[in-house]
J.: 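Can you keep this structure in mind? I'll have questions shortly.
This structure is a prediction, so every number in the text was calculated from the model and none was measured.
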Amino acid sequence: MHLGFSSMNTADDPAPDLLARTLEEAGFESLWYGEHSHIPVARTTPYPPGGDLPEPYKKMMDPYVSLMAAAAVTRKLKIGTGIALLLERELFSQAKTIATLDRLSNGRVLIGCGVGWNEEEFENATHLPWKRRYLALKELVAAQRNLFNDAEPEYHGELIDFDPVWFEPKPVQAGGPPVVFGAMGPLGVRHAAEWADGWMPVDVAMPDVKQGIADFRAAVSAAGRDPDKVEITLVVMSPVTADLLKSYRDMGVQRCNIGVGVENWDRPEIVMPMIEEFARIIPEL
C-alpha cells in the first residue's frame with residue numbers, strides 16, 4: 001500500500017517545493033492538494049461536519065500551480081488534486097492545465113475530484129445545474145477523456161456538448177491522468193463504481209470501513225467492471241497509527257492519504273515532524 005500526504009495548501013503551510021522534496025525523500029508516494037477558488041461570504045450551505053467553517057478554507061492556493069512547483073523539484077513523487085472541483089472551471093482551459101501538468105511532470109498526475117458541497121460557491125462559478133451535478137461531473141470526465149484520447153475530439157451529452165476540436169498536446173499518461181472520485185453518499189458511490197478510475201472515501205465518514213469497501217467492490221462488479229482495476233484511495237482522518245494503516249492495507253486499500261487533522265490546519269509547524277514520524281512506517285506497508 002502507498003502512503004500519500006494531503007494538505008490544505010494555504011500560504012501559511014510549508015511551500016509546495018519544500019513539502020514535495022521532503023515527502024519524496026521520506027518515501028511518500030504522493031502529494032495531494034485540495035481546491036476552493038473562493039468561499040462566499042454570505043451562504044446558506046452549512047459546513048458538512050457542522051460548526052463554523054475553518055479559516056484555512058478561505059486561504060487555499062491554486063492546486064495546479066502548487067503541484068507544478070512540487071513536480072519541478074521531484075522525480076518520482078506523484079502529484080494529485082484532493083479534491084479538485086472540476087465543475088467550477090471552464091472545460092477546455094482546465095483540460096489544457098491538466099494535460100500540461102501531466103506532460104511537465106512526466107506523467108505523475110492524479111486527479112481526485114468531487115461535486116463540491118457549497119452550493120453558493122458552485123453557482124458563482126458555473127451555469128451547470130446544482131441538482132444535476134453528478135451527471136454533470138460524469139459528462140465532464142467523459143468529455144475530458146475524449147480530449148485526451150481523440151485526434152479530433154467531440155462530446156454530445158445532456159449538459160456538455162461540443163463539436164470536433166483540435167486539442168493538443170495530449171497528456172503523457174495514455175488516456176490522461178486517472179480520475180479518482182471522492183464521493184460518500186449512495187449516488188456518488190454508484191457513480192464512482194460506474195465510471196471513475198478510483199474511489200476516494202474518508203474513513204471517519206464510513207460507519208464500517210471494511211463493509212464499505214466490500215460494498216463498493218460489489219458495486220464495481222455489478223457495473224460490469226473489474227474491482228481490482230478501480231483503486232481505492234482512503235483519506236485517513238482517524239488518529240493515524242501503524243496498526244490502523246496496516247488494517248486498511250489488509251482490507252484492499254491501495255493508498256492511504258494522511259495529513260494534519262482539521263483541528264491542526266492552522267498549525268503548519270507540525271507538518272514536518274509528522275512526515276518524519278510516519279515515514280518510519282512506510283517500509284512496513
J.: Taking the side chain as every heavy atom from C-beta outward, state whether Q144 and I98 have any pair of such atoms under 4.5 Å apart.
T.: yes
J.: Nearest 0.5 Å, what's the SG-CG distance between C256 and L244?
T.: 7.0 Å
J.: Heavy atoms, side chains only, cut-off 4.5 Å: are V141 and I111 in contact?
T.: no
J.: Looking at every non-hydrogen atom in both residues, tell me the closest pair between A196 and R225 and how far apart they are.
T.: O-NH2, 2.7 Å
J.: Measure across Q94 and L86 and return the closest heavy-atom pair with its distance rounded to 0.1 Å.
T.: NE2-O, 3.0 Å
J.: So for atom CD, which belongs to E123, do other residues, nucleotides or ligands contribute more than 12 heavy atoms lying within a distance under 6.0 Å?
T.: yes
J.: Is M68 close to L104 at the side-chain level, that is, under 4.5 Å between some pair of heavy atoms?
T.: yes
J.: Can you tell whether the side chains of R190 and E194 come within less than 4.0 Å, N to carboxylate O?
T.: yes
J.: Between atom CG of L3 and atom CZ of R249, what is the distance when rounded to the nearest 0.5 Å?
T.: 12.0 Å
J.: Between M274 and I270, is there a shared hydrophobic cluster once you connect ILVMFWY residues whose side-chain heavy atoms come closer than 4.5 Å?
T.: yes
J.: Are any of the side-chain nitrogens in R145 or D150 under 4.0 Å away from the carboxylate oxygens of its partner?
T.: no
J.: For residues R132 and E158, determine if any side-chain heavy atom of one lies less than 4.5 Å from a side-chain heavy atom of the other.
T.: yes
J.: Please tell me if the side chains of I39 and E121 come closer than 4.5 Å, counting only heavy atoms from C-beta onward.
T.: yes
J.: Heavy atoms, side chains only, cut-off 4.5 Å: are T45 and F122 in contact?
T.: no
J.: Between K246 and L285, does the side-chain contact (heavy atoms from CB on, under 4.5 Å) criterion hold? Intermediate values first, please.
T.: CA-CA 6 Å; K246 290 175 183 177; L285 300 178; 4.1 Å; yes
J.: Indicate, with yes or no, if M61 and Y57 share a hydrophobic cluster defined by side-chain heavy-atom contacts under 4.5 Å among Ile, Leu, Val, Met, Phe, Trp and Tyr.
T.: no
J.: Under 4.5 Å between side-chain heavy atoms, hopping through other hydrophobics if needed: is there a path connecting V202 to Y47?
T.: yes
J.: Between E24 and R75, is there a salt bridge with N-O shorter than 4.0 Å?
T.: no
J.: Please state whether the rings of F162 and Y155 are parallel, tilted or perpendicular, taking 30° and 60° as the class boundaries.
T.: tilted
J.: Okay, side chain of Q254, backbone of G252: is any donor-acceptor separation there less than 3.5 Å?
T.: yes
J.: Could you give the distance from OG (S30) to CZ (R255), rounded to the nearest 0.5 Å?
T.: 5.0 Å
J.: Test side-chain contact (heavy atoms from CB on, under 4.5 Å) on E139 and L135; report intermediate values, then the result.
T.: CA-CA 6 Å; E139 290 192 358; L135 173 63; 3.8 Å; yes
J.: For residues L19 and S7, determine if any side-chain heavy atom of one lies less than 4.5 Å from a side-chain heavy atom of the other.
T.: yes
J.: Passes side-chain contact (heavy atoms from CB on, under 4.5 Å), E119 versus T44? Steps please.
T.: CA-CA 8 Å; E119 184 174 355; T44 58; 5.7 Å; no
J.: Might you work through the side-chain contact (heavy atoms from CB on, under 4.5 Å) test for D197 and E231, ending with a clear yes or no?
T.: CA-CA 7 Å; D197 299 309; E231 283 194 343; over 6 Å; no
J.: Does any N or O in the side chain of S6 come within less than 3.5 Å of the main-chain N or O of G259, such that one atom is a donor and the other an acceptor?
T.: no
J.: Closest approach of F148 and K170, non-hydrogen atoms and distance?
T.: O-CD, 3.4 Å
J.: Transitively linked via ILVMFWY side-chain contacts under 4.5 Å: V115 with L85?
T.: no
J.: Of W199, F216, W195, which is the lone residue that meets ring pair (Phe, Tyr, Trp, His ring centres under 6.0 Å) with F181?
T.: W195
J.: Donor-acceptor pair, distance only, cut-off 3.5 Å: does the side chain of R108 make one with the backbone of T74?
T.: yes
J.: Is a side-chain N or O of N257 found less than 3.5 angstrom from the main chain of V235, in a donor-acceptor match?
T.: no
J.: Do the side-chain N and O atoms of D13 and T10 include a donor-acceptor pair separated by under 3.5 angstrom?
T.: yes
J.: Tell me the closest heavy-atom pair linking V230 and G198, and the distance in Å.
T.: CG1-CA, 3.8 Å
J.: Distance from I79 atom CD1 to Y64 atom OH, nearest 0.5 Å?
T.: 11.0 Å
J.: Do the non-hydrogen side-chain atoms of P16 and Y33 ever get within less than 4.5 Å of each other?
T.: yes
J.: Judged by atom type as modelled, is there a donor-acceptor pair below 3.5 Å linking the side chain of K96 to the main-chain atoms of E168?
T.: yes
J.: Heavy atoms only: give me the nearest D102-P171 pair and the separation to one decimal.
T.: OD2-CB, 3.4 Å
J.: What heavy-atom pair brings R89 and P63 nearest, and what distance separates the two atoms?
T.: NH2-CD, 3.9 Å
J.: Decide whether N124 and E120 meet the rule of one side-chain donor and one side-chain acceptor closer than 3.5 Å.
T.: no
J.: With rounding to the nearest 0.5 angstrom, report the CG to CH2 distance, N9 to W32.
T.: 14.5 Å
J.: Check the hydrophobic clustering (I, L, V, M, F, W, Y; side-chain heavy atoms under 4.5 Å; chains of links allowed) and say if V236 and V204 are grouped together.
T.: yes
J.: What about the rings of F5 and F278, do their centers lie closer together than 6.0 Å?
T.: no
J.: Kindly compute the distance separating CD1 (I232) from OH (Y248), expressed to the nearest 0.5 Å.
T.: 12.5 Å
